[in-house]
Each structure stands twice: as structure tokens, then as C-alpha cells.
Amino acid sequence: MLAICNFFGLLMPQFVEDLLARVSIAAVIGPNVVWDSKKSRPAAGDYWACCPFHKEKTPSFHVDEQKGLYHCFGCKESGNALTFLRQYGKLETRDAIQQLADMVGMKVPPRSPQEEQRRASYQTLYDICEQAAAYFIKNLHSQSGTAARNYLRSRGLDDTCSEHFEIGFANDKKSSLTHHFINKDMTLDSLVEAGLSAKSDRDGTPYDRFRNRIMFPIRDARGRLIGFGGRSLDSKAPAKYLNSPETPVFKKGLNLYHHAPARAALKESSTLIVTEGYMDVIALWQAGLKTCVAPLGTAISEGQIRQMWQMSSLPVIAFDGDQAGLKAAERLAHLALTLLQPGKSLRFAFLPEGADPDDFVRQYGISAMQELIDRATDLNDFVWTMANREYSCDTPEGSAALEAALKQATATIQNVTVRRHYEQLIRQKLYELSRQRWNGSISERSNKSSLGPSDELRKSALASATREDRIDRLFREKFILGICLTVPEIIYRFPERLENLKFERESHQKILNYIIGDIGKAKQNPQEFRDTISENCGSEIVDTLIQSKHLLPLKRVINTSGSQNQSNLINRAEMMLKEELDKVEAEDAVRQEFDELRCRDKEDETGDSLKLKRIGKAVESRQLAQRGINMAEVSDYIKADNGVLINPEEKQAFDQLVKDFNK
């Protein structure tokens, strides 16, 4: 509470706390909503209604009289009685406090001299801007405003639209506005502080900042006029658009054009539309889309994103369909990633090449624009598209670059929960892309007669995977997942190796994605970790993996009593997982070597001996991995027909698996 009060210059935290403790929040909010008689329990101080901040049919707005708080489960608006009067009633904080005090008969402490002085200074700037807006509107309808009126008509603006946006005109005289206000006993310093006038660096002569420009007044979230944007009618002007400079009340990065009217209109619509410029907002408003805002002539800032999220949890960004608009959208996407919170994100509506919202809606109509907005791309899909456009996956190096770029982007997400879900989604997309492109490349290459291995290489036993090879691969996938699910505490020791795995069975890959995405929970709360995976991937498959006979060595340790049991379990599980990872990685290396070599041009036939050496090296590594058994446990193993040491229980289970598969 102290932080809130200090922010608004109200150094009376105890008074506000006492005031909120006495006031009935239901009495404050009640006149603005209709309580739902079925869900509300007035005797318990529990009230429900349709949210006053956004349009909805089912009551999701909850008021807790006991706690003095409200919260909407739809748009996420929340706060206390003071917050409600400020946000919904659009009252100054001091005025809201006064209204609450009047309700309970409390006397508000007088303002401090410093607060009074600051308030008076700000109010002077608001008044100057209001008078300037009236001056510009008068100019627009005068003889000097003929060209401006003609321009507005050419853009399709009618009188109702001009009145709503308070559009005016600054004539081309050097000091017209400045002299007008000085003649009305307004000081030059006040005009300069308001951003309407400036002084010449050469001789200090005052002049108007805005000349020969159509003027767009800018109001803050509470409707106070704080500055202006001006569009030049001179095609040779250095700047097409000019905004007020930063002033005590005008902060470009903390305000949005058309903020208050758009927020009010959101009660009837759920979509906030963010465009690049003033004319886009105006054109869409006139076409019927009332919930539009725009930044103030600069790139969207962190403060503006937060303001957008206060209005809507999922704004739609509708920038121009040119290269500059796309670049602006990309910069915004990267900034938004760092600020993401659960339930808060962005969508992107992409206009045709060279079109802006103003042009598009005039040419194709409001229905086409609404369709673009309805089909807007989610932020995660836009991030994926940006990375894919920059990096080609036609080569392993390109795929690695794509993966690195996506990891770098998701790493900037500060919220841990959101970042984890992004990482899971990206891994799944990379896995699907890898399968699609690999299948496509094999199909494409098979149709080209110039591609293929030489006869000697084709005779290699590695040229095709046998049925037993595939069964063995699926067995290893199950074994790895079973170890991770049985002893999740060891997963954090193999993050990169697990992340680099690509499982053949889709259900296995899905579980692996969840395992990698929640490594922290695996160590801290293994049971909750398993429950989460069961909920998302299916309890039946998780139970099957954990109950596998191949995990008997672990289960024997689990069932053994003694203080060293947990330590022994961790050590055994770590050893088993490491061995299985070694085997899978070695097998993948062999496959990769052969796959790369068999797709080379036949022109490289002279290199067949080198190719065979490379494959031989990979096979040797695989054989070493297959023999990677802890010799301290050698008594637990038997020799297979090929001389490899294996666990007898594993061999029995594997033989049964082969029989089942061949049925």
C-alpha cells in the first residue's frame, strides 16, 4: 500500500488502509454491475457478476467483501475499491480517495505543499493542451484550414470521425499559437513546458513547434489531454509526423493513442487492435472497429505493452504489410517474450504486401479486416516463423542454427512457467520438422537417378535396418524413459544428452519433451513430476514404462532397506541411464553416417573406401557402447550368442518382445 500511495504522491498510507478497511467494496462496485443471484452469497460477502471491464455472458467477476478485493477470471482485472474507482471510474487517485471517504464519513488529510504545487503545475499543462486543441479545431474550420479539410476528405474522414478524435490544424505561420496564448496572459515558459512552443537557439525568438500540420490530440488513460501528434501537409517536410516532446505529463513510452475510448469500447468487444499510426486507428474506428490504439510515433515500449495487457490479455498487432512493418513486428515480438506472463500474450495480423490497415479497410471492407484479425497468428507461431525464415534446415548446420536461435529466443522469457511451456512447444516443433523434412528429402532423392551409393557401399549390412533393429530401438526408448520416470532425481545430470535424443515413437517423444521441460521439478518433487507427465501423456503408458521388467535391477535396490538405499539407487540408475544413452547415441551415429553417405552423388565413387572407414569407425563406437557394462556387476549378466554381455532378465524379456512382434 505504501508503494502505491507514494507513486501517486500521497504520503498517507495509514489513512488509506483505514479507509479501505471501513468501506464496503460491494457498495462501491454494486451500482456498476448486476449481481448474479445464483452464484452470489451476500451473507458470506461473496458476490458474482458479469465483468464491467469486458463483455461477457457468464459471470466471472468475483467480489470478496471480507478481503475487500475483486478479480475477473476472464480478463484478469483485479484490485480493491480504490483501484476500481481509478480504473473503471477514471478518477484521479485523490478524487477516488475523497469519494470513498465521503461514503464512510472520514476526513481526508490535506495535501502537502509539495503535492499541491505539483498538482497545480500538472493541471496548468492539461489546461494549456485543452486550449490548444480548441485553437487547432477552430483553425481547421477557418479559411486557413481548407487544404487540411480537403486532405481529410480525401482520406474518407467524415465530420463525426473528426469530432470524435478532435482533429485540428496548425497553420503555417511561425508563431501563430505562441502569440495567441501570450496575448491571453499565458507565459512563454508554460507553453514551452507544455511542448507547444520553443525558443530559437540563435536569438531566443519563440516559435510554434507545430506548423502546417493536421493535429491529433493525445489523451492519457484517464482522458486528460497531454500532447499532440501532427501530420505535415508539406511533402518536403523533414518529418512527416511530429509528436510533442517529452514533458512532465507527456511520456511517449507510457501512453497509447486512443487509449480511454478503446478501453471503454472493449466492454462490447474482446479484441484490442494495435496499429502503427493515428490514421490507421481513425480509419478502423470509422469503419466500425472501435477498439484500436497506436503507439505515439515510436516503437512500442515495455510500458505500452503492459498498458495493452491491462486492457486485453491478448491484443492483436496489425502493422503495415511492408518490410518496415514486419521488422517492427519482429522487434515487438522479441520484447514481448521477455515480459510474458501466464495468460498474457500477443497475436499478429499480417496485411498484404504494401498495405496498411487504412488502405486495406477502404479497399476490401471491414469484413475482410475482421477476418484478418480473427486469423491472427499467435506469438509462439510468429517466433517460430521468424527463425525458420532466417535459417534453412536443408543441412545439419542449418538445423542446428535454427535450434540455437529458438533456444536463445525462449531463454529471454523471464517467467519460468511460460518459458518451460515455450521450450516444450519448440522441442515438439523441431522434432516434427525434422521428421517431415527428412521424409521429404528421402522421397525427393529417391527420384533422382544421379544420387545413390556405389555397389560396394550398397552391399553394406548397414544399408537397411532390420526388424530386430527397430524393435531394439523401441526397447531402448522405453528403457530410457522407464529409468527417468522411476528415478527422476538423476535427470538433471543429463540435460543436454536427453535433449538431443530423437525418439522414433511419437508417444515416447512426447514424454521425453515433458521430461526435458520440467527437469527442476524432477529433482525437487519426483512424485509431482510423474503425476504431471501421467496427466499430460496418459497414465497407462507411464505405468507400463515404470512397471517394465527391464527395471528389475532398480526395483531390487528400491526394495532393499538401509540408510545407503537412496544413494545406491541413484548410483545404479545413473549408471544404467548413461549406458543406454551411450548405446542410443552410438546407434544414431552409425545411422547418420550411412544416411549422409548414401545420399551423396555417385561422382564421389573414389571416396568409397573413406566412406566405409567412416562407417566402420561408427560401428566400432557402437560396439564399444554395447559393451559398456559396469564390470563390478558382471555376475548379473550372461553372454549372448554374439558375445555381448546382457542381463538375463532383459534377454528373456527381449526374446518375448521379438516373439510378440513377429506374431
Side-chain angles (χ1 to χ4, degrees), residues 32 51-56 72 74-77 83-84 86-91 133 157-158 160-167 216-229 243 250-320 328-329 332 336 344-349 351 356-358 360-361 366 369-370 372-374 376:
N32 304 285
C51 180
F53 292 99
H54 79 289
K55 185 179 180 180
E56 63 177 3
C72 176
C75 68
K76 311 303 180 185
E77 285 284 351
T83 309
F84 184 83
R86 284 177 38 232
Q87 296 292 340
Y88 185 77
K90 302 178 184 177
L91 295 179
L157 271 65
D158 57 27
T160 301
C161 187
S162 294
E163 290 175 9
H164 174 80
F165 288 96
E166 304 172 282
I167 298 175
F216 304 97
I218 300 169
R219 296 183 179 273
D220 65 10
R222 288 176 170 74
R224 299 171 300 196
L225 213 163
I226 56 176
F228 295 88
N243 287 323
F250 181 68
K251 309 294 181 185
K252 291 186 181 71
L254 297 178
N255 289 280
L256 293 165
Y257 182 63
H258 200 237
H259 185 145
R263 183 180 61 189
L266 280 168
K267 297 172 187 177
E268 304 298 326
S269 172
S270 59
T271 305
L272 176 66
I273 305 166
V274 184
T275 67
E276 284 192 79
Y278 307 127
M279 287 303 300
D280 294 324
V281 171
I282 294 168
L284 293 180
W285 184 92
Q286 183 167 271
L289 294 175
K290 310 296 185 182
T291 57
C292 301
V293 297
L296 305 179
T298 59
I300 291 179
S301 68
E302 176 180 331
Q304 288 169 327
I305 292 177
R306 297 191 188 281
Q307 283 205 339
M308 287 153 45
W309 281 339
Q310 287 180 357
M311 301 166 69
S312 171
S313 60
L314 199 59
V316 174
I317 310 301
F319 284 173
D320 296 353
L332 174 58
K344 303 287 187 182
S345 189
L346 301 176
R347 292 189 295 155
F348 294 83
L351 291 140
D356 59 25
D358 182 10
F360 186 83
V361 77
I366 190 63
M369 187 68 198
Q370 186 63 59
L372 278 180
I373 293 168
D374 293 340

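Start at 1 with the first residue, then count along the sequence.
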Smallest separation among heavy atoms of [X] and [Y], with atom names:
| X | Y | value |
| --- | --- | --- |
| Ala336 | Leu346 | CB-CD1, 3.5 Å |
| Leu289 | Ile366 | CG-CD1, 3.3 Å |
| Ala318 | Met369 | CB-CE, 4.1 Å |
| Asp320 | Glu276 | N-OE2, 2.7 Å |
| Gly277 | Thr275 | O-OG1, 3.4 Å |
| Cys51 | Cys75 | SG-SG, 3.8 Å |

Taking the side chain as every heavy atom from C-beta outward, state whether [X] and [Y] have any pair of such atoms under 4.5 Å apart.
| X | Y | answer |
| --- | --- | --- |
| Val316 | Phe348 | no |
| Glu302 | Arg306 | yes |
| Trp285 | Ile273 | no |
| Val293 | Val281 | no |
| Leu266 | Met311 | yes |
| His258 | Pro261 | yes |
| Phe228 | Ile218 | no |
| Pro217 | Phe165 | no |

When you measure from the side chain of [X] to the backbone N and O of [Y], does any donor-acceptor pair fall under 3.5 Å?
| X | Y | answer |
| --- | --- | --- |
| Gln307 | Leu254 | yes |
| Lys252 | Leu296 | no |
| Thr291 | Thr271 | yes |
| Lys344 | Trp309 | yes |
| Arg219 | Ile226 | no |
| Gln304 | Asn255 | yes |

Interatomic spacing from [atom1] in [X] to [atom2] in [Y] - rounded to 0.5 Å:
| X | Y | atom1 | atom2 | value |
| --- | --- | --- | --- | --- |
| Asp356 | Leu284 | CG | CG | 9.0 Å |
| Glu166 | Phe216 | CD | CZ | 12.5 Å |
| Gln310 | Ile305 | CD | CD1 | 12.5 Å |
| His54 | Ser313 | NE2 | OG | 8.5 Å |
| Ser162 | Leu157 | OG | CG | 5.0 Å |

Step through it carefully: locate the ring centre of Phe53, locate the ring centre of Tyr88, and say whether they are under 6.0 Å apart.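 When the ring centroids of Phe53 and Tyr88 are compared, they turn out to be within the sub-6.0 Å range.
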Given side-chain contact (heavy atoms from CB on, under 4.5 Å), test Arg263 with Gln87 step by step and report yes or no. CA-CA 10 Å; Arg263 183 180 61 189; Gln87 296 292 340; 3.9 Å; yes
Any chance the side chains of Asn243 and Tyr278 put a donor and an acceptor closer than 3.5 Å?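 Present: a donor and an acceptor within the cut-off.
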More than 12 heavy atoms of other residues, nucleotides or ligands under 6.0 Å from NZ of Lys251: is that the case?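 Atom NZ in Lys251 is crowded, with more than 12 foreign heavy atoms closer than 6.0 Å.
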Partner residues of Leu314 under the side chain to side chain contact (heavy atoms under 4.5 Å, CB included) criterion, sequence neighbours left out: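 Scan of Leu314 (side chain to side chain contact (heavy atoms under 4.5 Å, CB included), adjacent residues dropped) gives Ser345, Arg347.
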